[in-house]
Chemist: 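Here it is: the structure, laid out below.
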Amino acid sequence: MSDDLETLRHSTAHVMAAAVLDLFPGTVIGIGPATDEGFYYDFAFQDRLLPEALPKIEARMHEIVKAATPFVKQEVPRTEAVALFERLHQPLKVELIEEKVTEPTARLYRTGDFVDLCLGPHVPNAGKLGAFRLLSIAGAYWKGSEKNQQLTRIYGTAFPTQAELDAHLTMLEEAAKRDHRKLGKELDLFLVDEMVGRGLPLLTPKGAAIRHQLEEFILRLERRQGYEHVKTPDIARLELYKVSGHLERYHDSMYAPSEMEDEEWQLRPMNCPHHIRVFQRKPSSFRDLPVRIAELGTVYRYEKSGEVSGLIRVRAFTINDAHIFCRPDQLNVEFERVIQLILQVYRAFGIKDFYFRLSLRDEVSNKWMGDPAIWQRAQDAAREALRASGHPFVEAPGEAAFYGPKLDVQIKDAIGREFSLSTNQIDFLLPERFGLEYVTSEQTMARPVMLHRAPIGAMERFMAYLIEHYGGAFPVWLAPVQVVFIPIADRHLEAVTKLAERFRDRDLRVEVDGKAERMQAKIRNAQLQKVPYMAVVGDKELEGGTLNIRRREGGDQVSVTVDQFLAQLEREAQLPL
RNA sequence: GCCGCCUUAGCUCAGCGGUAGAGCAAUGGUUUCGUAAACCAUCGGUCCGGGGUUCGAAUCCCCGAGGCGGCUCCA
């Protein structure tokens with residue numbers, strides 16, 4: 001976002017706050033910054049704010065714009081600023097001055113009667129605002145901490161011109177159509193059933209077809225890269241998580257253990273402990289390393305009820321997991337290989353809109369486990385491997401896992417929310433806690449380093465992303481239905497059914513639309529279901545042994561022989577390895 | 001979990017104190033059709049659940065569940 005746009009949006013937030021105070025005297029104001037998408041301002045209203053109020057607030061804002069009320073900068077002594085906001089009954093502003101303002105003076109901006117603690121800059125007067133729209137109301141904790149009171153946040157957006165605002169609003173509407181929850185229903189890919197439980201999505205036959213293709217793709221790719229796949233249970237003795245440290249540091253996200261025959265059993269929240277025990281089944285020599293143990297491992301995490309959403313955030317999900325056990329001298333190479341694998345996966349799906357985020361430890365939180373010096377080594381190793389990859393990345397202090405630094409790949413969903421897709425961690429801690437070791441060339445024992453990595457991340461979330469990425473129009477290799485056969489009249493149905501069998505025998509996913517409908521209606525249905533190919537068959541085709549192929553993308557239909565089409569489809573149905 | 005809004009047929013939605021509606025889907029029939037919706041008929045509802053107010057509640061109030069937006073958290 002340019003500085004000018006930020007100034008415009010921030011100024012719009014001020015005008016919104018001014019309008020709110022005009023309409024709802026006694027409202028306490030929080031903060032109101034610009035964001036990548038627009039702006040917001042947080043308020044403590046005396047009564048709850050109804051959505052119907054937004055147009056009224058907008059109307060009042062337009063009056064302020066029309067009056068071209070100037071923004072006036074003012075430097076006042078700190079004590080005077082405190083007194084001013086006390087007089088105005090704005091306790092949150094007083095709190096901010098006391099906490100944040102270290103200079104002897106505080107900077108204020110006035111817009112008419114409205115006065116705000118603010119560094120600026122602002123547009124010269126309210127007449128210089130562009131086009132704006134208030135969008136939604138939401139709750140938000142004061143200063144972002146759930147320990148604090150909850151304020152009411154009004155989100156809006158602003159642009160220099162009406163045309164840009166309109167384009168943005170149209171874009172939002174278009175994006176909402178790609179929402180995987182909407183497409184999941186329309187294309188019959190998955191459902192979340194109240195009786196089964198929230199956060200526990202059920203894949204339908206079509207959704208499962210996509211999932212199986214994804215699994216096939218990643219398993220084969222990993223096999224080529226020297227991973228060994230294992231299969232381990234979704235549950236373990238609680239003891240396992242006592243040793244790993246999950247019970248101590250991760251219990252908030254874990255389902256409660258269940259007790260049977262005087263033993264406690266834990267639904268697993270992570271796969272690493274199981275994989276570690278597989279690694280430990282036999283002694284390892286320095287020659288054996290790296291050992292790469294992989295599994296599509298399902299984990300169970302109790303996400304808070306307000307956090308679950310579609311396939312993006314669920315309570316049972318399958319991680320494209322692997323744990324690489326390597327010598328310290330192999331760490332950088334292995335980490336770089338992981339980065340390359342991620343890039344390869346993303347290329348296969350044409351995913352370009354992502355960035356790397358290196359999550360580090362901070363000094364504020366106390367959730368970190370293990371020796372800070374070891375952490376430092378892990379963080380340095382990650383940074384070094386990332387630099388070597390030549391890919392830009394951002395650092396995020398305080399975002400690491402409790403056992404080590406993380407490298408996440410960040411993406412945005414259809415409506416602009418950011419999520420981690422891939423996640424990877426360097427871990428010196430679990431090898432320590434489980435006492436992992438290998439025999440060195442000097443016949444001494446040494447501790448291996450562990451790398452957790454998941455290029456696809458959670459299969460569910462990745463699938464959600466793909467649904468939105470492709471807008472439901474999956475490439476042939478992923479499409480749940482690759483071809484719909486459309487007989488023109490009833491008399492063609494039997495022959496077409498036999499034809500479809502030939503495709504099914506070749507592992508192609510085809511359907512025959514035998515409904516009592518006109519061809520046009522069947523084409524429309526296939527089109528709405530975003531099936532890549534429609535094969536229309538009537539008298540002409542049956543006589544000539546051909547198919548009339550219509551593509552989902554439109555364009556001219558082509559007449560091809562059955563064998564030609566079979567060959568073409570088999571080619572397009574190949575995994576993108 | 002927290003703040004706010006929403007929940008009516010399989011789906012999308014109307015109705016908002018006075019006998020539950022539409023379109024699509026489904027089912028039956030007629031039509032047998034050449035590239036994005038043929039026609040007719042029929043079926044389909046604990047109006048999310050529970051409690052209350054009222055002569056009367058889908059509609060008003062309270063509690064709960066689920067969904068949505070956001071916050072917190074996160075793959």
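Proteins come first, then strands; the chains are lettered A, B, ... in the order of their sequence lines, and each starts at number 1. No hydrogens, no waters, no symmetry mates; every other heavy atom, side chains included, goes into these values.
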Chemist: Considering only atom P, compute the distance from B/rA20 to B/rA58 and round it to an integer number of Å.
Modeler: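 So the two P atoms sit 8 Å from each other.
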Chemist: Suppose you measure atom C1' in B/rC60 against the same atom in B/rU53; what distance do you get, rounded to whole Å?
Modeler: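 8 Å, rounded to whole Å.
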Chemist: Let me know the distance between CG of A/Leu187 and P of B/rU12, rounded to the nearest Å.
Modeler: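 Value for this atom pair: 13 Å.
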Chemist: Both conditions, 6.0 Å and 45 degrees, for the charged tip of A/Arg453 above the ring of A/Tyr227: are they met here?
Modeler: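 Cation-pi check for A/Arg453 and A/Tyr227: passes.
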Chemist: How would you label the contact of A/Ile415 with the nucleic acid (heavy atoms, under 4.0 Å): base, sugar-phosphate, or nothing?
Modeler: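 Answer is sugar-phosphate: A/Ile415 comes under 4.0 Å of backbone atoms only.
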Chemist: For B/rG21 and B/rC63, measure between their P atoms and round to the nearest Å.
Modeler: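 Taking atom P in both B/rG21 and B/rC63, they lie 32 Å apart.
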Chemist: How long is the span from the CZ atom in A/Arg9 to the CZ atom in A/Phe39, to the nearest 0.5 Å?
Modeler: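 Between atom CZ of A/Arg9 and atom CZ of A/Phe39 there are 9.0 Å.
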Chemist: Would you indicate, yes or no, if B/rG34 has its OP1 or OP2 atom less than 4.0 angstrom from a side-chain nitrogen or oxygen of A/Arg518?
Modeler: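 For B/rG34, OP1/OP2 do not have a side-chain N/O of A/Arg518 under 4.0 Å.
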Chemist: Do the ring centers of A/Phe349 and A/Phe462 come within less than 6.0 Å of each other?
Modeler: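 Between A/Phe462 and A/Phe349, which both carry aromatic rings, the centre distance is below 6.0 Å.
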Chemist: Which residue, A/Ala521 or A/Leu421, contacts RNA chain B at a nucleotide closer to its 5' end, judged by nearest heavy atom?
Modeler: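 Upstream on the strand: A/Ala521.
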Chemist: Write down the distance separating the P atoms in B/rG69 and B/rU30, rounded off to the nearest Å.
Modeler: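 Straight-line distance between the two P atoms is 48 Å.
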Chemist: Taking B/rU8 as the reference, what is the distance to B/rG4 when you measure between their P atoms (whole Å, please)?
Modeler: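 Result for the P pair: 22 Å, nearest Å.
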Chemist: Under 6.0 Å from the ring centre and within 45 degrees of the ring axis: does the NZ or CZ of A/Arg315 meet both conditions for the six-membered ring of A/Tyr302?
Modeler: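 Relative to the ring axis of A/Tyr302, which defines the angle, A/Arg315 lies inside both limits.
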Chemist: Quick one, A/Gln266 and A/Tyr300 - any side-chain contact, counting heavy atoms below 4.5 Å?
Modeler: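 The answer is no, as the side chains (C-beta and beyond) never meet within the 4.5 Å cut-off.
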Chemist: Would you confirm whether the ring centroid of A/His251 sits within less than 6.0 angstrom of the ring centroid of A/Tyr241?
Modeler: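 Centroid separation for A/Tyr241 and A/His251: 6.0 Å or greater.
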Chemist: Using the C1' atom on both, measure B/rG66 against B/rG17 and round to a whole Å.
Modeler: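 Approximately 27 Å lies between the C1' atom of B/rG66 and that of B/rG17.
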Chemist: Counting just side-chain N and O atoms, does A/Arg491 come under 4.0 Å of either OP1 or OP2 of B/rU32?
Modeler: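 Looking at the OP1 and OP2 atoms of B/rU32, neither is under 4.0 Å from any side-chain N or O of A/Arg491.
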Chemist: I'd like to know if A/Arg313 reaches the base of B/rC73 with its side chain, counting only an N/O donor and acceptor under 3.5 Å.
Modeler: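 Indeed, a donor on one side and an acceptor on the other fall under 3.5 Å apart.
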Chemist: Find which nucleotide of RNA chain B each of A/Ile312 and A/Ile523 is nearest to by heavy atoms, and output the residue with the more 5' nucleotide.
Modeler: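 Mapping each residue to its closest nucleotide by heavy atoms, the 5'-most match is A/Ile523.
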Chemist: May I ask you to evaluate whether A/Tyr155 reaches the phosphate of B/rC71, defined as a side-chain N or O under 4.0 Å from OP1 or OP2?
Modeler: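 Looking at the OP1 and OP2 atoms of B/rC71, one of them is under 4.0 Å from a side-chain N or O of A/Tyr155.
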Chemist: Any donor-acceptor pair, under 3.5 Å, between the side chain of A/Tyr302 and the base of B/rG1, if you only look at N and O atoms?
Modeler: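 Side chain to base: no pair present.
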Chemist: If pairs are Watson-Crick or G-U with both distances under 3.5 Å, what is the dot-bracket string of RNA chain B, marking crossing pairs with [ ] and pairs to another strand with |?
Modeler: (((((((..((((....[..)))).(((((.......))))).....(((((..]....))))))))))))....
Chemist: Does OP1 or OP2 of B/rC74 have a side-chain N or O of A/Ser420 closer than 4.0 Å?
Modeler: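 No, outside the criterion.
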Chemist: With the side chain counted from C-beta on, respond yes when A/Phe335 and A/Leu451 share a heavy-atom pair under 4.5 Å apart, and no when they do not.
Modeler: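 Answer yes - side chains close enough.
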Chemist: Is atom CG of A/Asp47 surrounded by more than 12 heavy atoms (other residues, nucleotides or ligands) closer than 6.0 Å?
Modeler: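 Count not over threshold, so no.
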Chemist: In whole angstrom, what separates A/Asn525's CG from B/rC24's P?
Modeler: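 A/Asn525 atom CG is separated from B/rC24 atom P by 13 Å.
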Chemist: Counting only side-chain N and O atoms of A/Arg417, is one of them less than 4.0 Å from OP1 or OP2 of B/rG69?
Modeler: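 For B/rG69, OP1/OP2 do have a side-chain N/O of A/Arg417 under 4.0 Å.
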Chemist: How far, in whole Å, is B/rU46 from B/rU7 if one measures between their C1' atoms?
Modeler: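 My reading of the C1' atoms in B/rU7 and B/rU46 gives 15 Å.
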Chemist: I'd like to know if A/Gln527 reaches the base of B/rA37 with its side chain, counting only an N/O donor and acceptor under 3.5 Å.
Modeler: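 Per atom types, no contact qualifies.
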Chemist: Indicate whether OP1 or OP2 belonging to B/rA37 is found under 4.0 Å from a side-chain N or O atom of A/Lys522.
Modeler: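 No, A/Lys522 has no side-chain N/O under 4.0 Å of OP1/OP2 on B/rA37.
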Chemist: Give me the distance, rounded to whole Å, that separates B/rA38 from B/rG10 when you measure between the C1' atoms they each carry.
Modeler: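 After rounding to an integer number of Å, I get 24 Å for this pair.
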Chemist: Using the six-membered ring for Trp and the full ring for Phe, Tyr or His, decide whether A/Phe419 stacks on the six-membered base ring of B/rA75 (centres under 5.5 Å, planes under 30°).
Modeler: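 Aromatic stack with B/rA75 absent for A/Phe419.
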Chemist: Check this for me: does the side-chain of A/Glu307 come within 3.5 Å of the base of B/rG70 through a donor and an acceptor?
Modeler: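 No, no donor-acceptor pair under 3.5 Å.
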